[in-house]
J.: 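Please find one structure pasted underneath; my questions will follow.
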Amino acid sequence: EAGVVQSPRYKIIEKKQPVAFWCNPISGHNTLYWYLQNLGQGPELLIRYENEEAVDDSQLPKDRFSAERLKGVDSTLKIQPAELGDSAVYLCASSFGAGPSKQFFGPGTRLTVL
Amino acid sequence: DAKTTQPPSMDCAEGRAANLPCNHSTISGNEYVYWYRQIHSQGPQYIIHGLKNNETNEMASLIITEDRKSSTLILPHATLRDTAVYYCIVRDNTDKLIFGTGTRLQVFP
């Protein structure tokens, strides 16, 4: 069974440029998460979707970050414009159902903003 | 805020048991203890979870004290591939995982 797929794996951009990350969750998983991981820290939740609905986006910096999951499957996370401090790994995870279910993580996208 | 305390790093010899402690003194009755690990350049990987009873699966064992204020993750025969950061997470019945900084386990030959 394929795991969570993310692309690109690495992205280098200059500050003020836009960037987008893509995630394809495990088939059948209705819950999708985006996490941010700074160097030496654990992942921090940015947004959680149940199907198409963003049910927890309290930690998403909405002035520059946006996310969508239009058909309840794939998701895109966008930053516009990127800042130097956005350099981090962006992780996508998925799970089946709500509640205390296992989350399966993708390999992440490492973003470097110059 | 993460509700757990873990040592920042540990070493273990290959083939020996790795015992990773976690303190969660403020855990409440409906909160589970979860363990994930993150190998370098990969996303976190689920290991095991428990509520009150000890648990065992193909990867590890989880020992939870009777008062549930602490737990230990046991890797019975550590290999070099077990070198990773191990996160202990206390989680309620929502979907939210709050990661701390974890324990960096180094398995040496």
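Side-chain atoms are counted along with the backbone in the values below, which use heavy atoms only and exclude waters and symmetry mates. Throughout, a chain's letter reflects where its sequence line sits, starting with A, and its residues are numbered from 1.
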J.: Counting only heavy atoms not in A:R110 (residues, nucleotides, ligands), do more than 12 fall under 6.0 Å from its CZ?
T.: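 Not more than 12 within 6.0 Å, no.
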J.: Should the heavy atoms of other residues, nucleotides or ligands under 6.0 Å from NZ of A:K16 be counted, would the total exceed 12?
T.: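 Open.
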J.: Would you sort out whether A:Y33 and B:L97 count as a side-chain contact (heavy atoms from CB on, under 4.5 Å), showing the intermediate values?
T.: CA-CA 10 Å; A:Y33 316 77; B:L97 289 177; over 6 Å; no
J.: Can you tell me if CD on A:Q59 sees more than 12 non-hydrogen neighbours from other groups inside 6.0 Å?
T.: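 Not more than 12 within 6.0 Å, no.
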J.: Would you say A:V89 ends up clustered with A:L111 if hydrophobic residues are merged whenever their side chains have heavy atoms under 4.5 Å apart, either directly or through other cluster members?
T.: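 In one cluster: no.
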J.: Hey, could you give me the NZ/OH distance between A:K102 and B:Y34, rounded to the nearest 0.5 Å?
T.: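 Rounded to the nearest 0.5 Å, the NZ-OH separation comes out at 9.0 Å.
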J.: Specify the closest pair of heavy atoms between B:P44 and A:L91, including all atoms of both residues, with the distance to one decimal.
T.: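 Minimum heavy-atom contact is CD-CD1, 4.0 Å.
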J.: With a 4.5 Å limit on heavy-atom distance, are the side chains of B:Y87 and A:P43 in contact?
T.: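 They are in side-chain contact.
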J.: I would like to know whether A:Q103 and B:Y36 meet side-chain contact (heavy atoms from CB on, under 4.5 Å); could you show each step before the answer?
T.: CA-CA 10 Å; A:Q103 293 185 22; B:Y36 280 73; 3.6 Å; yes
J.: With sequence neighbours excluded, give me every side chain to side chain donor-acceptor pair (under 3.5 Å) pair touching residues 3-13 of chain A.
T.: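 Non-adjacent pairs meeting side chain to side chain donor-acceptor pair (under 3.5 Å): zero.
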